[in-house]
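Report on one structure; see the data block that follows.
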Amino acid sequence: MPKYIPSEIEAKWQKQWQADNIYRAVIDPSQPKFYALTMLPYPSGNLHMGHWYAMTPSDARARYKRMSGYNVLFPMGFDAFGLPAENAAIKRNIHPRSWTYDNIQHMRNQLKSMGTMFDWQREAISCDPEYYRWTQWFFIELYKHGLAYRKYAAVDWCPHCNTTLAREQVVDDERLCERCDTPVTKRELEQWFFRATQYADELLRFDGIDWPEKIITMQTNWIGRSEGAQIFFPTESGDTIEVFTTRPDTLWGATFMVLAPEHPLVAKLTSPEQQPAVTAYAYQASRETDIEREATDKEKTGVFTGGYAINPATGKRIPIWIADYVLMSYGTGAIMAVPSGDSRDFDFARKYGLDVIPVVQPHNETLDGATMAAAYDGAGVMVNSGTLDGLVSNGEKGRKNPAIAAAIDWLVAQGAGAQSVNYRYRDWLISRQRYWGAPIPMVYCPTCGVQPVPDEQLPVTLPDDVEWKPTGESPLKFHPTWKHTTCPCCGAPAERETDTMDTFMCSSWYHLRYLGPQDTTAPFPADEYRYWMPVDSYTGGAEHATMHLLYTRFFHKALRDMGIVSGDEPMLQLRNQGIILSTDGKRMSKSRGNVIDPDEKVRTYGADVVRAYLMFGYRWNEGGPWNDSNISGVVRWLNRLWDVVHDTQAGGGTLSAEQSRALQRKTHQTIQKITRQLETFEFNTVVSSLMELTNAVIETKDGAGSPAFREAICTLLLLTAPVSPHIAEELWALLGRPYSIHQQAWPQADEALAREDELELPVQVNGKLRGKIVVPATADTPSIEQAALQSDAVRFLEGRPAKKVIVVAGRLVNIVG
RNA sequence: GCGAACGUGGCGGAAUUGGCAGACGCGCAUGGUUGAGGGCCAUGUCCUGCAAGGGGUGUGGGUUCGAUUCCCACCGUUCGCACCA
């Protein structure tokens with residue numbers, strides 16, 4: 001018998017599959033389609049175990065779908081623009097292009113070594129000019145539809161990457177750059193934005209898509225929709241302060257106002273005598289990092305401006321303060337302070353001796369502003385609120401709360417405010433001051449202003465001859481000629497935009513480019529779109545929850561409204577894998593020196609083993625540490641599978657009727673189980689079930705000539721094919737079955753064969769297991785009850801009569817006595 | 001601080017969702033095997049007890065004929081949010 005040497009059969013079959021082009025996906029209207037998508041890698045140089053962990057089960061599932069009769073599209077590409085390429089250029093003087101394409105070449109081979117069914121003819125690389133031509137075209141379309149605009153704003157800046165970042169790319173309490181963990185600072189710059197907030201409400205709806213609750217929650221929190229009212233407070237200086245509040249019903253208790261120290265009205269409102277204190281406080285606040293400012297447990301501080309506003313409900317003069325607990329970045333940067341109803345305002349009022357007037361009172365209590373020990377923000381009855389006294393504030397948000405509804409109506413009638421919705425979500429900042437990205441295709445003309453580059457001049461390509469400055473300024477800006485062009489409008493000399501686009505722009509539509517990566521007339525062919533989209537199953541990491549996964553939804557909706565795509569959502573189902581850790585239980589990283597190299601594991605064990613182990617050893621959505629001793633269980637399994645197929649290849653021997661029946665039953669039960677487990681992403685039990693069937697086959701190998709055995713072993717190989725495609729193909733060929741196993745139909749379970757003939761039912765007495773009975777599977781409740789009462793177990797009743805007998809069909813019997 | 005998820009042998013993890021806890025593996029133990037291979041095969045392996053039995057799914061309570069599963073409180077781990085007006 002030949003030995004199982006993975007490297008030999010794996011290379012052989014990969015070559016064969018490629019030569020026969022068996023993974024080519026083309027439109028076939030006669031077949032139902034299935035678009036399986038797994039997140040594309042950044043070509044950093046090497047595939048790591050995380051890629052294998054994410055992609056292998058996705059591949060197995062795509063293979064299973066294909067065998068189940070679907071026409072499956074399972075493409076792969078590279079998210080190839082980005083900073084590491086540029087850093088390599090600065091550090092080692094290698095051009096980002098050659099660095100990137102060398103890495104792609106290497107990683108493409110690595111991806112092929114996994115034995116995946118990617119259709120490489122659909123490969124898309126986001127830094128190809130033919131790709132980013134359409135990234136630029138989309139930008140212009142967005143611009144033409146008013147969804148891209150330029151704005152001067154205080155934006156997040158990473159001093160290490162030397163570029164601005166979108167808010168989503170600033171992570172953690174410490175406000176670190178998502179790529180390099182450098183603390184982010186603020187800069188005032190003119191930048192391009194996408195009007196993502198226009199879709200805020202729609203992005204909050206997840207109807208018809210099957211996404212993890214966790215991602216939905218994160219996106220919902222990120223968008224941060226609050227219902228309430230905007231209220232205008234006149235001031236004695238003549239300016240109006242606009243505030244947003246979710247509790248307009250507490251307006252009558254607003255005894256002071258607080259502005260963020262950076263609020264534009266601060267200077268005007270401040271009285272001469274308060275000027276020094278206000279200036280000092282604002283300076284102090286501006287020096288503090290956002291970490292310090294946002295620490296929840298920090299004691300509230302603030303300074304009186306000397307200015308006063310009028311509470312539009314009570315007509316009273318109320319003092320205006322500045323305090324750093326009010327953030328310029330949220331709402332209007334100003335609040336009405338209601339100390340009786342808000343704990344932050346309460347702390348502030350007590351510290352500075354400001355009035356506290358209760359306006360919502362618990363039903364069975366009378367609050368006294370002078371003595372109350374804490375703010376009350378629960379449900380209650382309105383008091384001290386003029387005509388609204390006696391209304392019930394029921395604790396609900398928005399108009400569902402009668403007190404809020406009445407307050408909004410009152411505000412509108414008085415012309416003092418309006419119903420309003422506020423979002424935490426901000427427009428997507430997409431300008432990046434870097435070289436290795438898609439140039440923003442805009443031209444600045446001294447007479448015509450901002451002009452998009454005409455379609456026929458796309459792509460605006462990156463120049464090769466640039467100088468790498470370790471200062472990090474974009475080489476495009478300093479290129480001697482590149483930025484000089486002519487105005488597409490008047491033909492006069494004009495300048496190009498020198499910023500490039502956020503690479504998340506490229507990855508917002510890559511699933512569309514797979515539909516026709518060679519298309520030179522459109523971003524994707526319409527017929528391909530009609531057939532393949534939307535993506536049926538998308539897999540990838542949860543870390544993209546508020547970045548890629550939100551951007552791509554926005555992008556799709558914007559494209560839909562521009563008439564470029566159809567349907568409301570790009571990806572119907574989303575599932576997230578966990579993270580594969582190193583043997584020390586820590587995240588793998590070059591700096592820790594604990595990286596597990598997949599190439600090395602493939603050399604040692606073979607791709608089939610690594611694939612099966614990654615599916616077998618973990619709950620896929622949780623991940624866990626790599627374990628070299630656990631993998632040996634999978635090595636043994638595939639060796640035993642190899643051995644038993646070779647051993648029994650010639651047939652010979654028969655099984656008793658009983659043995660045949662039992663093996664058939666196991667075979668068909670396994671089909672049922674594995675089909676269900678693949679559908680539900682329970683890959684660890686898929687492999688357990690395969691091992692069980694392998695064990696059953698080995699136990700009956702003396703009956704290798706029997707039809708039940710032949711069926712079992714063929715079924716076993718078919719069920720193994722998605723998990724370990726090479727060995728399955730090799731053994732399938734050994735049995736003389738038609739090539740390729742991956743083009744065979746998925747086995748169908750026969751209910752009748754899967755069914756048990758008789759059942760061994762546990763018999764409990766008072767809930768404790770006391771014995772077993774064997775009954776025909778068809779036995780009815782009375783006969784099961786009879787059998788249980790006649791069994792040995794009843795001795796545990798110790799002579800008492802059975803008060804009740806509970807028979808659970810097919811499960812157990814419990815005698816209560 | 002708020003919210004969510006999770007907590008099962010020495011280890012990774014099962015349990016058809018309220019019905020035999022520990023499937024499938026790893027590891028370990030004992031035995032076998034002159035086919036030297038990352039060996040393989042057989043048997044055993046939650047704790048306790050000679051046994052019948054008793055106990056056992058983070059801890060304590062509850063619901064139920066019956067709870068790893070449902071409810072309450074607490075402890076722990078992970079993740080998300082964090083002065084959001």
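Chain letters run A, B, ... following the sequence lines, proteins first and then strands; every chain starts at 1.
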**OP:** Give the minimum heavy-atom separation between Met49(A) and Met588(A), together with the two atoms involved.
**Re:** CB-CE, 3.9 Å
Original post:
Heavy atoms under 4.0 Å, any strand shown: does Thr217(A) hit a base, just sugar-phosphate, or nothing?
Top reply: nothing
Original post:
Who are the side chain to side chain donor-acceptor pair (under 3.5 Å) partners of Lys214(A), not counting sequence neighbours?
Top reply: none
**OP:** Check the distance between A23(B)'s C1' and Asn684(A)'s CG and give it to me in whole angstrom.
**Re:** 11 Å
Original post:
Choosing from A23(B), C20(B), C83(B), which nucleotide comes nearest the side chain of Thr685(A)?
Top reply: A23(B)
Original post:
Which residue pairs satisfy the salt bridge (charged side-chain N to carboxylate O under 4.0 Å, His left out) criterion with at least one member in residues 684-694 of chain A, sequence neighbours excluded?
Top reply: Lys666(A)-Glu692(A), Lys673(A)-Glu692(A)
Subject >> Which nucleotide in A15(B), C65(B), C83(B) has an atom nearest any side-chain atom of Val816(A) >> reply: C65(B)
**OP:** Give one of base, sugar-phosphate or nothing for Arg770(A), where a contact means two heavy atoms less than 4.0 Å apart.
**Re:** sugar-phosphate
Subject >> Candidate nucleotides G80(B), G19(B), G13(B), ranked by approach to the side chain of Asn221(A) - the nearest >> reply: G80(B)
**OP:** With rounding to the nearest 0.5 Å, note down the distance linking CD in Glu622(A) to CG in Asn684(A).
**Re:** 9.5 Å
Original post:
Any idea which of C84(B), A15(B), A85(B) is nearest the Glu682(A) side chain?
Top reply: A15(B)
Original post:
Which nucleotide in the list G13(B), G80(B), G55(B) gets nearest to the side chain of Arg619(A)?
Top reply: G13(B)
Subject >> Spacing of the P atoms in A29(B) and C20(B) (rounded, Å) >> reply: 33 Å
**OP:** Decide, for U43(B), between syn and anti: a glycosidic angle within 90° of 0 counts as syn, anything else as anti.
**Re:** anti
Original post:
When the distance from CD1 of Ile223(A) to P of C81(B) is rounded to whole Å, what number comes out?
Top reply: 14 Å
Original post:
Nearest 0.5 Å, what's the CD1-CG distance between Ile335(A) and Asp342(A)?
Top reply: 6.5 Å
Original post:
Taking N and O atoms by type only, does the side chain of Lys803(A) place a donor or acceptor under 3.5 Å from a partner on the base of C65(B)?
Top reply: no
**OP:** Summarise how protein sits on nucleotides 24-34 of chain B as a single string, 5' to 3': B when a protein heavy atom is under 4.0 Å from the base, S for sugar-phosphate-only contact, - for no contact.
**Re:** BBSS-------
**OP:** Kindly write out the residues that satisfy ring-ring contact (aromatic ring centres under 6.0 Å, His included) with Trp252(A), not counting sequence neighbours, or none if the list is empty.
**Re:** Trp410(A)
Subject >> Protein-nucleotide distance (Gln669(A), atom CD; A23(B), atom P), rounded to Å >> reply: 18 Å
Subject >> Any Ser226(A) side-chain N or O less than 4.0 Å from OP1/OP2 of A85(B) >> reply: yes
Subject >> Those residues that, when tested against Tyr551(A), pass ring-ring contact (aromatic ring centres under 6.0 Å, His included) (two or more places apart) >> reply: Trp428(A), Phe504(A)
Original post:
Side chains of Gln419(A) and Arg399(A): donor-acceptor distance under 3.5 Å anywhere?
Top reply: yes
Original post:
Contact class for Gly624(A) (heavy atom, under 4.0 Å): base, sugar-phosphate, or nothing?
Top reply: nothing
Original post:
Quick one: does Lys772(A) reach the base of C20(B) with a side-chain donor-acceptor pair under 3.5 Å?
Top reply: yes
Original post:
Taking the side chain of Thr246(A) as heavy atoms from C-beta outward, which of C83(B), C20(B), A85(B) is closest to it?
Top reply: A85(B)
**OP:** Could you pull out all residues at least two apart from Thr305(A) that satisfy side chain to side chain donor-acceptor pair (under 3.5 Å)?
**Re:** none
**OP:** Can you figure out which of C83(B), C65(B), A82(B) approaches the side chain of Arg424(A) most closely?
**Re:** A82(B)
**OP:** Within residues 749-761 of chain A, find the residues that approach RNA chain B with a heavy atom at under 4.0 Å, and present them sorted by residue number.
**Re:** Glu760(A)
Original post:
Roughly how far apart, to the nearest Å, are C70(B) and G80(B) at atom C1'?
Top reply: 26 Å
Subject >> Partners meeting side chain to side chain donor-acceptor pair (under 3.5 Å) with Asn627(A) (sequence neighbours left out) >> reply: Ser629(A)
**OP:** Please work out if Tyr4(A) contacts a base, only the sugar-phosphate, or nothing of the nucleic acid, heavy-atom cut-off 4.0 Å.
**Re:** nothing
Original post:
If we take the P atom in both G44(B) and U57(B), what is their distance in whole Å?
Top reply: 26 Å
Subject >> Nearest-angstrom distance from the residue atom NZ of Lys3(A) to C1' of C40(B) >> reply: 13 Å
Subject >> Whole-Å gap separating P (G35(B)) and CG (Asp643(A)) >> reply: 16 Å
Original post:
Dot-bracket for RNA chain B: what is it, with Watson-Crick or G-U pairs under 3.5 Å, [ ] where a pair crosses earlier ones, and | for a pair to another strand?
Top reply: (((((((..(((......[....)))(((((((.....)))))))(((....)))..(((((..]....))))))))))))....
Original post:
With a 4.5 Å heavy-atom cut-off, do Thr250(A) and Met336(A) have their side chains touching?
Top reply: yes
**OP:** Using the C1' atom as the reference point in each nucleotide, state the distance between G7(B) and G60(B) in Å, no decimals.
**Re:** 16 Å
Original post:
Rounded to the Å, how far apart are Tyr325(A) OH and C83(B) P?
Top reply: 13 Å
Original post:
What interatomic distance, in whole Å, is found between C1' of U59(B) and the corresponding atom of G13(B)?
Top reply: 23 Å
Subject >> G25(B) versus C46(B) - spacing of their P atoms, nearest Å >> reply: 16 Å
**OP:** Please state the C1' separation for the pair C47(B) and G56(B) - nearest whole angstrom.
**Re:** 7 Å
Subject >> Listed nucleotide nearest any side-chain atom of Asn814(A), set A14(B), G19(B), G80(B) >> reply: G19(B)
**OP:** Could you tell me which residues satisfy ring-ring contact (aromatic ring centres under 6.0 Å, His included) with Tyr613(A), sequence neighbours excluded, listed by chain and number?
**Re:** Tyr618(A), Trp626(A)
Subject >> Closest to the Gln764(A) side chain, choosing from A85(B), C20(B), C79(B) >> reply: C20(B)
Subject >> Pairing residues for Lys351(A) by the salt bridge (charged side-chain N to carboxylate O under 4.0 Å, His left out) criterion, not counting sequence neighbours >> reply: Glu299(A)
Original post:
Which part of the nucleic acid, if any, lies within reach of Gly623(A) when heavy atoms closer than 4.0 Å are counted: base, sugar-phosphate only, or nothing?
Top reply: sugar-phosphate
Subject >> Qualifying residues under ring-ring contact (aromatic ring centres under 6.0 Å, His included), relative to Phe796(A), sequence neighbours excluded >> reply: none
**OP:** For G66(B) and G3(B), measure between their P atoms and round to the nearest Å.
**Re:** 33 Å
Original post:
How long is the line joining CD of Glu622(A) and P of A14(B), in whole Å?
Top reply: 8 Å
Subject >> RNA chain B: 5'-proximal contact among Pro625(A) and Thr245(A) (nearest heavy atom) >> reply: Pro625(A)
Subject >> Syn-anti status, with the boundary at 90° from 0, for the nucleotide G12(B) >> reply: anti
Original post:
So, do Phe616(A) and Trp637(A) have ring centers that fall under 6.0 Å from each other?
Top reply: no
Original post:
G55(B) phosphate, OP1 or OP2: any side-chain N/O from Lys768(A) under 4.0 angstrom?
Top reply: yes
Subject >> Gap between atoms CE and C1', on Met328(A) and C84(B) respectively (whole Å) >> reply: 14 Å
